[in-house]
Undergrad: 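Sending over a structure as structure tokens; questions will come in a sec.
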Amino acid sequence: MPELSRQQKAYVLFTRYEGNPIMTPEDWPYPTNAVFNPAAAKLNSEVLLLIRVEDMRGFSHLTVARSADGFTNWEIDPTPTFEADQSSREERWGLEDPRIVWLEEQKQFAVTYVSFSEGGPVVSLAITKNFKAFARLGSLLPPEDKDACLFPRRFNGRFALIHRPIVRGEAHMWISFSPDLKHWGDHRPLIRTRHAYWDCHRVGLACQPIETPHGWMLFYHGVRSTTAGAIYRVGLALLDLNSPWRVLRRSDEWVLGPRAPYERIGDVGDVIFPSGAVVYKETDQLNLYYGAADSAIAVATAKLSDCIDYLMSCPQVEE
Ligand code: BMA
């Protein structure tokens, strides 16, 4: 077999699950408009998704669904799992787009999510052991900010957060540091939009950072605005293991873009928005969970080793 070109590798990296979409509003135990943009974790040998559920006011909350194989027989919590705190001003318009990471030191999950209000979107943090009780740690940085996730451990004593502020109308990914998960500083731009590319208008972190021997593998969404609206696609980058503010590689091309009908048609068409991944190192499998067209939930799979192989063939990033 001839070696595939890099673009060919990107094209075949992911396989959509044939049962997609895996969850739609019709599956919900209570009335809802849309279910999308799920965070993902492994808990008690099950796959747990924390899903953004949009109600009939257009406000969102988060609900858990569990499955033994990560594809079928989802058990959805019968009522909202994590709702806006009505006494909190910054959550007045709901909670959106969570990400989950296992904090090794705390032995708890950190859930970063977007709190929405007239003040604009901010990133908030909650800690949980079981996705039943949540301890709120409040908002982390000023609006407007989205697409945030912590790393599972500290770097030189400091926690690190990837997030996506909007600065002068520009939407680049940043990394910030904190000694205590409360006070944040040393803010640095991490991954910028690229003029003329598929990710020219906005970029934002997709799922939680994934540790590999070569560095932190990052999936991110990239947006191009067109005369017909925005297209949300997915790219890859690699960060240094010990200095995650250093970007080592970045894909020129996207590895997943809207093609299937459920990705092209929905409340917001042409959107693939991954916000959770589950990795099985034993079988070399990666499941990427994503919101499809802001309406339903889908999953695509790849071999972890193929993702790394592809990333290592991507251009090195000049500092
Ligand atoms: C982004 C976020 C996501 C949404 C996407 C596409 O700005 O708000 O929640 O999926 O737009 O509409």
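Ligands are counted one by one from 1 in listed order, and the atoms in each one are counted from 1 as well. On a predicted model such as this, the values are computed, not experimentally measured, just so you know.
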Undergrad: Would you say that S251 contacts Y310 through its side chain, given a criterion of any heavy-atom pair below 4.5 Å between the two side chains?
TA: yes
Undergrad: Among all the protein's non-hydrogen atoms, which is closest to atom 8 (O) of ligand 1, and how far away is it?
TA: K146 NZ, 3.1 Å
Undergrad: Taking the six-membered ring where the residue is Trp, are the ring centres of F36 and F273 under 6.0 Å apart?
TA: no
Undergrad: Nearest protein heavy-atom contact for atom 12 (O) of ligand 1: which residue, which atom, what distance?
TA: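 Looking at atom 12 (O) of ligand 1, the protein heavy atom closest to it is D294 OD2, 2.7 Å.
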Undergrad: Hey, are Y290 and E263 close enough side-chain-wise for a donor-acceptor pair under 3.5 Å?
TA: yes
Undergrad: What I want to know is whether E96 and ligand 1 share at least one N or O pair that is separated by under 3.5 angstrom.
TA: no
Undergrad: Would you mind checking which non-hydrogen protein atom is closest to atom 11 (O) of ligand 1, with the distance to 0.1 Å?
TA: Y232 OH, 3.1 Å
Undergrad: Which residues pass the side chain to side chain contact (heavy atoms under 4.5 Å, CB included) test with S178, sequence neighbours left out?
TA: D180, W184
Undergrad: Can you pull out the closest protein heavy atom to atom 2 (C) of ligand 1? Residue, atom name and distance to 0.1 Å, please.
TA: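 Among all protein heavy atoms, the one nearest atom 2 (C) of ligand 1 is D97 OD2, 3.6 Å.
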Undergrad: Is it the side chain, the backbone, both or neither of V114 that has a heavy atom closer than 4.0 Å to ligand 1?
TA: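 Neither; no heavy atom under 4.0 Å.
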Undergrad: Assert yes or no for the condition that the ring centre distance of F116 to H61 is strictly below 6.0 Å.
TA: no
Undergrad: With sequence neighbours excluded, tell me which residues meet salt bridge (Lys or Arg N to Asp or Glu O under 4.0 Å) with E90.
TA: none
Undergrad: Using a 3.5 Å cut-off on N or O atoms only, is R202 in polar contact with ligand 1?
TA: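 No, no N or O pair falls under 3.5 Å.
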